[in-house]
Amino acid sequence: MPVARLPLCCLLLMFLLVVWNTAGTEVESCLQVNTTLCVENSCTLTDNTTLLCCHFDKDFDLKQDVAAKIATKNANIRYLYVYNASYDTLDVRWTIGFNFDTLSFTGGKLNHIKGNLSNTTECLNFSGNSISTIDDSVFASLNQVKILDLSRNNLSSLPESIMSMRNLTLDISGNFKLWCTDIKKLLAQNRSDPVDFRNPNDTYCLANKTFHWFNSTDKYSLKTVEESIKVELTCPQACKCDATRTLFIDEEPSFTVTADCSNSNLTSLPANLPQNTQYLNVSNNNITSLAALSIDPTYEGIRELDADNNFITSISELEGTKFISNFRVLSLQNNRIATVPTYFLTDTFSRNRALLRINLAGNKLSCECNTAQALKKWFLSNKNHIKDIEKVLCANLPIPVVNLEISEICAAKRVLTDYIYYIIAGEVLLLALLISKVSYDYWVFRTVGHLPWPASKMPKLPCDWLCEA
Ligand SMILES: *[C@@H]1O[C@H](CO)[C@@H](O)[C@H](O)[C@H]1NC(C)=O
Ligand SMILES: *[C@@H]1O[C@H](CO)[C@@H](O)[C@H](O)[C@H]1NC(C)=O
Ligand SMILES: *[C@@H]1O[C@H](CO)[C@@H](O)[C@H](O)[C@H]1NC(C)=O
Ligand SMILES: *[C@@H]1O[C@H](CO)[C@@H](O)[C@H](O)[C@H]1NC(C)=O
Ligand SMILES: *[C@@H]1O[C@H](CO)[C@@H](O)[C@H](O)[C@H]1NC(C)=O
Ligand SMILES: *[C@@H]1O[C@H](CO)[C@@H](O)[C@H](O)[C@H]1NC(C)=O
Ligand SMILES: *[C@@H]1O[C@H](CO)[C@@H](O)[C@H](O)[C@H]1NC(C)=O
Ligand SMILES: *[C@@H]1O[C@H](CO)[C@@H](O)[C@H](O)[C@H]1NC(C)=O
Ligand SMILES: *[C@@H]1O[C@H](CO)[C@@H](O)[C@H](O)[C@H]1NC(C)=O
Ligand SMILES: *[C@@H]1O[C@H](CO)[C@@H](O)[C@H](O)[C@H]1NC(C)=O
Ligand SMILES: *[C@@H]1O[C@H](CO)[C@@H](O)[C@H](O)[C@H]1NC(C)=O
Ligand SMILES: *[C@@H]1O[C@H](CO)[C@@H](O)[C@H](O)[C@H]1NC(C)=O
């Protein structure tokens, strides 16, 4: 009867799916034990393989009772479940000899875990204590562990030994003081068996917010940390990128990236910065041009650019760029800038009143007699934005632009111009003398008829008869 077989087949398929599904979730959890079977300050066997111990307030008592129960029952106990261990320090060394494959210490007041665990451990649950310290030795010999649950504790960092665990399911949700640096380290390993996070939606971490004007931390979701890792992977080769500062877009914390490309022998600005790069340090390189700021769209969001100690010759490329309308700090100390495009900088300063700053110390500007007055005036009226103004010098005179004596720089010029005046005066005088000589000769010739010197001394030429006639 083919009609009846179809539902049977479907039932079988559903059954298989259910079995497959439960198998899938089982991997995510250590075996659960019903804590209503608890007996105060005592251990009980809940089945042939599981020992349940409850409400102990001394590590020593727990250890004694576990050893006693295992000895008397002579059972093959694989699983130790300790509920509400209400003491501070757990030294796991006493568990080694029993070779449990599952160990749970949940719902207690444990604060510090020390010692070594047995290498037979596959499932480990420390959820719901107040653990703030786990010695690195605790996990040092775990080479078969599959699930590690450290959720709902008080951890601020993860033991280093976690970094080398393979095929790991890790639960670190509900630790509200955890620094992001360790999670980043786990994620950035870029390995073939990425850590499988249990309860990822409840996993958060903290990162220092390092804006200049206040110190605080931000809370990041696991998803955001994962995104930040991606951002850092797109960092140019010569740079180190750090995506920890927040930027709030639609209430969701996102990243602003700091790229440090200093001391890298760069001869031009690096191309393709990570998304949201706001702080770029390219100091101590051999960069000659700021052109990337006007052509590379990844430079549009930069707020702070430190390009000290390079060979940059001009800032005029910045005119009309998104950078010039967004920036807060532009540091160009010890470069080769000779002219300051005052017209568009004045415009920029007037649009973003308070915060803008430009550093120009150690550049040698060309100070001409005809422009020096305006340049000095411009520097003085923008001294709020150019804090190192006293160290911006003239190329032709070794004095700060703001200390320029206009009469002095123009006097230095006059030596040269005066000389030119003398030459011109001399030429005019010569011309006048020449004209008077020619006029005198003509007068003499008309009145006396003598040819003037040197015409009278010249030998006759074959064509002279023409003139004489
Ligand atoms: C660890 O124990 C807690 C509390 O009993 C439980 O909610 C959690 O699912 C357990 N973790 C694992 C991985 O089994
Ligand atoms: C526990 O062991 C006893 C005998 O040793 C056996 O009869 C019983 O079925 C076992 N129970 C379980 C849950 O394995
Ligand atoms: C945990 O155990 C302590 C004694 O060690 C007890 O006073 C306390 O009530 C227990 N807590 C719970 C939730 O059972
Ligand atoms: C576990 O450690 C013991 C010695 O402490 C060693 O003999 C055994 O081979 C180890 N097992 C594994 C799977 O590494
Ligand atoms: C968590 O740890 C901090 C110290 O890092 C401590 O001040 C705080 O009391 C702890 N909180 C709990 C619930 O144990
Ligand atoms: C215990 O941990 C220490 C430090 O990580 C390690 O050197 C030692 O070999 C471990 N002992 C055992 C028995 O695994
Ligand atoms: C991790 O799991 C994969 C597949 O589940 C397996 O091929 C690999 O050997 C495992 N790696 C380790 C170190 O256990
Ligand atoms: C975690 O959050 C995402 C989106 O916010 C959601 O799609 C997913 O179902 C959630 N996972 C769990 C286990 O709640
Ligand atoms: C965060 O800042 C504090 C104080 O400035 C410092 O002690 C701590 O080490 C920093 N943490 C990280 C992860 O950078
Ligand atoms: C922020 O931290 C720095 C150095 O750690 C310190 O100099 C500064 O005063 C702090 N600022 C505030 C507002 O606490
Ligand atoms: C920069 O180049 C010089 C020689 O040209 C070399 O000695 C130095 O190691 C280089 N520095 C870096 C950071 O590449
Ligand atoms: C950068 O300039 C210095 C001199 O200031 C020179 O020694 C070095 O070789 C230059 N590096 C590159 C990569 O051009």
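All values below come from the heavy atoms of this structure, side chains included, with hydrogens, waters and symmetry mates left out. All values reported here derive from a predicted model rather than from experimental measurement. Start at 1 and go down the list; that is how both ligands and their atoms are numbered.
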Would you mind running through ligand 1 and noting each atom that sits below 4.0 Å from a heavy atom of [X]?
X      : result
Thr106 : 2 (O)
Ile147 : 13 (C)
Asn125 : 1 (C), 2 (O), 3 (C), 8 (C), 10 (C), 11 (N), 12 (C), 14 (O)

Is there a polar contact, in the sense of an N or O pair closer than 3.5 Å, between Asn143 and ligand 4? yes
Side chain [X], main chain [Y], donor-acceptor under 3.5 Å:
X      : Y      : answer
Asn281 : Asp260 : no
Asp135 : Ser137 : no
Asn326 : Arg303 : no

Would you confirm whether any non-hydrogen atom of the protein falls under 4.0 Å from [atom]?
atom                    : result
atom 11 (N) of ligand 5 : yes
atom 5 (O) of ligand 5  : no
atom 8 (C) of ligand 5  : yes

Polar atom proximity, [X] to ligand 1 (N or O, under 3.5 Å):
X      : answer
Ser127 : no
Arg152 : no
Cys30  : yes

Is it the case that Ser316 and Ser314 place a side-chain donor and acceptor less than 3.5 Å from each other? yes
Can you find a side-chain donor-acceptor pair between Ser283 and Asp308 that sits under 3.5 Å? no
Quick one: which ligand 5 atoms are inside 4.0 Å of a heavy atom on Lys177? 1 (C), 2 (O), 3 (C), 8 (C)
Going by the order shown, which atoms of ligand 5 are within less than 4.0 Å of some heavy atom of Ser130? 14 (O)
Qualifying residue for side chain to side chain contact (heavy atoms under 4.5 Å, CB included) with Ile131, from Ile113, Leu150, Asn111: Ile113
Within a radius of less than 6.0 Å around CZ of Arg78, do more than 12 heavy atoms belonging to other residues, nucleotides or ligands occur? yes
Assess whether atom CZ of Arg328 is packed by more than 12 heavy atoms of other residues, nucleotides or ligands within 6.0 Å. yes
Below 4.0 Å, non-hydrogen atoms only: which portion of Tyr81 touches ligand 1? Side chain, backbone, both or neither. side chain
Using a heavy-atom cut-off of under 4.0 Å, does the side chain or the backbone of Thr120 touch ligand 4, or both, or neither? neither
Heavy-atom contacts with Gln144 under 4.0 Å: which atoms of ligand 4 show up? List them by number with element. 13 (C)
Apply disulfide (SG to SG under 2.5 Å) to Cys367 and Cys394, showing your working. CA-CA 6 Å; Cys367 303; Cys394 289; 2.0 Å; yes
Mind telling me whether His55 and Tyr83 have parallel, tilted or perpendicular rings, with 30° and 60° as the class edges? perpendicular
Heavy-atom contact under 4.0 Å between Asp171 and ligand 1? no
How about Cys54 and Cys38, are their SG atoms within less than 2.5 Å of each other? yes
Would you mind checking which non-hydrogen protein atom is closest to atom 14 (O) of ligand 5, with the distance to 0.1 Å? Asn154 ND2, 3.3 Å
